[in-house]
Enquirer: 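Can you read through this structure? Questions will come right after.
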Number of protein chains: 2
Amino acid sequence: MSQPSAPKRRRATGRVTLQDVAVAAGVSPITASRALRGERGVAADLVERVQVAVRELGYVPDPAARALASAKSNQVVLLVPLLSNALFVDLLDAAQRTLLQAGYQSMIGVTHYQPEEEEALLRTYLMNRPAGLLVTGFDRTDTARSLLTGSGVPCVHLMENRAGDGLYSVGFSQEDAGRAMTQALMDKGYQRIAFAAAQLDPRTLQRATGYRAALGDRHDPRLEFMDAAPSSFALGAQMFDRVLADAPDVDAIFFNNDDLAQGALLQALRRGIEVPAQVAVAGFNDLIGGEQMLPPLSTVRTPRGEIGLKAAEMLIALMRGEAVEQPCVDLGFELLMRGSC
Amino acid sequence: MSQPSAPKRRRATGRVTLQDVAVAAGVSPITASRALRGERGVAADLVERVQVAVRELGYVPDPAARALASAKSNQVVLLVPLLSNALFVDLLDAAQRTLLQAGYQSMIGVTHYQPEEEEALLRTYLMNRPAGLLVTGFDRTDTARSLLTGSGVPCVHLMENRAGDGLYSVGFSQEDAGRAMTQALMDKGYQRIAFAAAQLDPRTLQRATGYRAALGDRHDPRLEFMDAAPSSFALGAQMFDRVLADAPDVDAIFFNNDDLAQGALLQALRRGIEVPAQVAVAGFNDLIGGEQMLPPLSTVRTPRGEIGLKAAEMLIALMRGEAVEQPCVDLGFELLMRGSC
DNA sequence: CTGAAAGCGCTTACAG
DNA sequence: CTGAAAGCGCTTACAG
């Protein structure tokens with residue numbers, strides 16, 4: 001015997017919809033929707049009934065329908081230069097975790113330090129009408145900048161700070177960090193301090209500015225070794241050789257990233273050059289492995305995990321329309337003086 | 001003087017819609033939709049007119065509307081255990097790039113090697129009705145497995161191979177790789193070969209199986225050092241000490257990952273233990289930095305970039321409903337014998 | 001090869 | 001505090 005009466009009408013897709021939940025709970029779909037989203041102003045007993053219906057029916061909201069109706073998705077776009085720099089992995093991990101807990105999904109985009117690539121990614125991802133945006137630094141194409149502002153999507157900048165109208169950022173002063181390490185080397189008595197950098201992204205150049213500022217009159221442009229190639233162990237080894245060849249009188253080398261410095265340390269070992277006795281070495285970022293080196297690498301610890309967390313929190317507040325009292329958060333840095341200088 | 005006749009009706013959002021494009025091109029919305037998606041069976045001149053209209057109006061399709069109407073998004077979910085292992089970064093980079101070129105966006109999820117976390121991510125991301133899925137390996141909760149199959153979303157498995165009904169995978173034999181490196185060590189005359197592993201994820205255990213198989217009768221369980229802690233330089237150094245302390249007669253140590261092996265090499269340097277004269281060291285994965293070590297690290301090169309690329313291509317074919325003749329692609333591996341053994 | 005109709009599943013105003 | 005109506009922007013059958 002078949003069902004005596006027609007069961008309540010099902011959608012063609014067979015999906016359990018908000019409509020079904022509403023019917024089961026004995027309320028209108030709008031009330032069900034409001035109850036579901038935790039909108040206040042719904043009677044407690046109705047909320048209860050809706051929640052029960054959701055559980056019984058195994059209802060799962062459809063993000064696409066939600067996005068279409070509300071013109072807003074639950075996705076957040078995270079744009080970083082590289083995944084192969086552990087720095088950004090730590091940043092992403094913290095941000096993604098925080099966002100997920102607040103109910104946001106993250107779309108990770110990798111720009112490979114190419115402004116054009118960032119612009120293209122922005123264009124692509126903005127189509128989704130993301131709820132929020134996390135981008136690295138402030139250097140981008142004008143088009144990218146106007147895409148950002150024109151979209152009206154809340155946006156927090158990572159790694160650097162910049163005050164300005166409607167600008168939100170969580171980071172630290174790359175310049176101060178560059179200056180502080182250079183100063184620390186000077187305080188230890190090093191006289192001929194080289195700066196060796198790869199990639200030459202905006203933040204690296206800011207560190208270079210800090211290096212110069214610390215040296216002041218004693219700055220010697222011949223001690224700056226800038227290589228636009230990507231940072232790596234192998235390049236660090238090469239640059240170490242280059243510095244010693246071109247400026248045999250250096251007594252310290254400040255590398256703009258730990259992988260370079262670690263590569264240099266290995267090269268010193270290979271060549272039998274004593275660190276820090278013959279030449280001191282310092283790095284930047286406190287990446288994994290630095291304290292395992294021989295000697296342990298002195299470096300600047302950068303708070304990328306904290307940046308990811310704090311930036312995500314700030315963005316969540318913005319997405320919820322809450323007030324953000326501190327739009328420009330400086331999380332500082334820390335000098336880690338170990339054995340290499 | 002105002003416009004003589006009512007301009008064509010605009011949506012409240014002010015958004016340029018497919019409707020607008022259709023009007024401008026003088027076709028129906030359906031035809032515009034078909035032209036846009038490159039569906040064949042649309043007259044060439046109409047396609048042309050639609051494309052012109054799209055360009056002139058600056059039309060951007062709405063993924064949410066598309067997803068709602070078609071019950072399918074253009075997003076692909078990529079699930080990996082960790083971002084801090086460079087292996088997976090290479091994998092993701094290749095896959096993401098390939099997918100993007102084909103018009104798919106990727107949602108990266110990190111499971112931290114926790115099956116429960118993978119299950120939760122799957123549940124969350126499946127709500128989006130992704131077009132495809134890329135997951136790591138075959139070990140997951142039963143629920144996760146049925147979520148996968150129940151969703152009906154095309155799925156390709158990464159890193160391992162398994163034949164089976166409707167199973168797609170791109171990887172290599174972890175067991176064979178473990179066996180091959182062990183055999184290579186035996187061929188070089190090493191007698192007491194230890195296996196030192198961290199994380200103890202499924203693929204690591206498969207390598208252990210290969211290690212045992214290669215040794216056969218000569219396998220000594222006391223030479224297996226398994227530590228469930230995450231892999232790192234520091235742990236590699238610790239394990240190196242532990243192996244030498246517990247089994248002073250070992251003449252070779254096969255680490256399940258390069259970071260462990262690199263940490264061990266640094267520890268050997270620190271302790272003045274000669275590699276490979278006193279003890280040989282081998283790693284796995286050929287991560288960055290291995291060839292910079294002293295001595296350069298012997299390891300197994302794993303084709304993760306190729307896996308990411310090939311898996312993405314396979315998934316793209318599946319998502320397009322094309323036939324995939326080879327559902328189980330073994331990309332092999334390569335022994336890299338450098339100075340450490 | 002092209003189109004009119006209906007619908008995807010939700011939320012936004014607007015009422016009451 | 002609750003709801004009926006309309007609409008978000010697209011695509012899927014179904015015709016012709």
Side-chain angles (χ1 to χ4, degrees), chain A residues 8-50 53-54 57-75 127-129 131 321, chain B residues 8-50 53-54 57-75 103 126-129 131 321:
Chain A
K8 51 180 172 298
R9 181 176 145 283
R10 285 256 163 224
R11 307 277 176 133
T13 56
R15 213 164 197 263
V16 178
T17 69
L18 189 60
Q19 167 78 22
D20 302 326
V21 172
V23 169
V27 299
S28 71
I30 310 92
T31 300
S33 169
R34 285 198 269 251
L36 225 62
R37 280 171 297 141
E39 218 177 68
R40 49 179 217 155
V42 180
D45 58 321
L46 293 192
V47 173
E48 175 65 27
R49 263 152 59 190
V50 169
V54 164
L57 297 176
Y59 169 71
V60 176
D62 184 330
R66 210 167 237 191
L68 182 58
S70 68
K72 189 171 291 180
S73 79
N74 72 331
Q75 299 189 338
M127 286 177 29
N128 300 342
R129 311 200 202 171
Chain B
K8 52 180 171 297
R9 182 175 147 283
R10 284 254 165 227
R11 307 279 176 132
T13 56
R15 212 163 198 262
V16 177
T17 69
L18 189 61
Q19 168 77 21
D20 302 326
V21 171
V23 170
V27 299
S28 73
I30 309 91
T31 300
S33 169
R34 285 199 269 252
L36 224 63
R37 279 172 299 139
E39 219 177 68
R40 47 178 220 158
V42 181
D45 58 324
L46 293 192
V47 172
E48 175 67 25
R49 264 154 57 192
V50 168
V54 164
L57 298 176
Y59 170 70
V60 177
D62 183 330
R66 212 167 234 190
L68 181 58
S70 68
K72 189 172 290 181
S73 78
N74 72 330
Q75 301 189 336
L126 243 22
M127 287 178 28
N128 300 342
R129 312 202 201 169

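Note that the coordinates shown come from a computational prediction; the quantities given were computed from them, not determined experimentally.
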Enquirer: Can you tell me which residue among T31(A), V42(A), V47(A), L18(A) is in a side-chain contact (heavy atoms from CB on, under 4.5 Å) with L36(A)?
Expert: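 Passing option: L18(A).
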Enquirer: Starting at the 5' end of DNA chain C, write a dot or bracket for each base, bracketing those in Watson-Crick or G-U wobble pairs whose two distances are under 3.5 Å and using | for partners on another strand.
Expert: |||.||||||||.|||
Enquirer: Go through dC10(D), dT11(C), dG9(C) for me and flag the one nearest to the S70(A) side chain.
Expert: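 Nucleotide nearest to S70(A)'s side chain: dT11(C).
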Enquirer: Rounded to the nearest 0.5 Å, how far apart are CG of D62(A) and CG of L68(A)?
Expert: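 Taking CG in D62(A) and CG in L68(A), the distance rounds to 9.5 Å.
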Enquirer: Round to a whole Å and report the spacing from CG of N128(B) to P of dC8(C).
Expert: 20 Å
Enquirer: Ignoring hydrogens, what is the shortest heavy-atom contact between Y59(A) and V16(A)? Give both atom names and the distance.
Expert: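 In terms of heavy atoms, the two residues are closest at CD1-O, 3.4 Å.
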Enquirer: From dC10(D), dT2(C), dT11(C), pick the nucleotide closest to the side chain of Y59(B)?
Expert: dC10(D)
Enquirer: Quickly work out the R129(A) CZ to dT12(C) C1' distance and round it to whole Å.
Expert: 13 Å
Enquirer: Once you round it to whole Å, what is the distance between P of dT12(D) and CG of L36(B)?
Expert: 13 Å
Enquirer: Closest approach of R15(A) and D20(A), non-hydrogen atoms and distance?
Expert: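 Scanning both residues completely, I find the closest heavy atoms to be O-OD2, 3.6 Å.
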Enquirer: Provide, to the nearest angstrom, the distance between the CG atom belonging to L68(B) and the C1' atom belonging to dT11(D).
Expert: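 About 10 Å, once rounded to whole Å.
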Enquirer: When you compare the side chain of V27(B) with that of R49(B), does any pair of heavy atoms fall below 4.5 Å?
Expert: yes
Enquirer: Could you give the CZ-to-C1' distance, from R66(A) to dT11(C), as a whole number of Å?
Expert: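 My rounded result for the distance is 10 Å.
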Enquirer: Ignoring the backbone of A69(A), work out which of dT2(C), dT2(D), dT11(C) is nearest its side chain.
Expert: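 Nearest nucleotide to the side chain: dT11(C).
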Enquirer: For the pair made of CZ in R49(A) and P in dT2(D), what is the distance, rounded to whole Å?
Expert: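 That distance rounds to 9 Å.
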Enquirer: The side chain of V42(B) lies closest to which of these nucleotides: dT11(C), dG9(D), dT2(C)?
Expert: dT2(C)
Enquirer: For R37(A) and dT12(C), is the shortest distance between a side-chain N/O and OP1 or OP2 below 4.0 Å?
Expert: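 So the side-chain polar atoms of R37(A) do come within 4.0 Å of the phosphate oxygens OP1 or OP2 of dT12(C), strictly under.
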Enquirer: Minimum heavy-atom separation for M127(A) to P63(B), with atom names?
Expert: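 Looking at all heavy atoms of both residues, the closest pair is O-CD, 3.2 Å.
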Enquirer: Would you mind reading off the distance between L46(B) atom CG and dC1(C) atom C1', rounded to a whole angstrom?
Expert: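 Spelled out: CG on L46(B) to C1' on dC1(C) is 9 Å.
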Enquirer: Test your reading of the model: is there a side-chain donor-acceptor pair from S73(B) to the backbone of R129(B), 3.5 Å cut-off?
Expert: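 Yes.
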Enquirer: Is there a donor-acceptor pair under 3.5 Å between the side chain of R37(B) and the backbone N or O of S33(B)?
Expert: yes
Enquirer: Using heavy-atom distances to pick each residue's nearest nucleotide on DNA chain D, tell me which of E39(B) and A65(B) is more 5'.
Expert: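 First, find each residue's nearest nucleotide; the 5'-ward one identifies A65(B).
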Enquirer: K72(B) NZ to dC10(D) P: how many Å, rounded?
Expert: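 Taking NZ of K72(B) and P of dC10(D), I get 19 Å after rounding.
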Enquirer: Can you pull out the residues from residues 26-35 of chain B that lie within a 4.0 Å heavy-atom distance of DNA chain D?
Expert: I30(B), S33(B)
Enquirer: Between A53(B) and A24(B), what is the shortest heavy-atom contact and its length?
Expert: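 Closest pair (atom of A53(B), atom of A24(B), distance): CB-CB, 3.9 Å.
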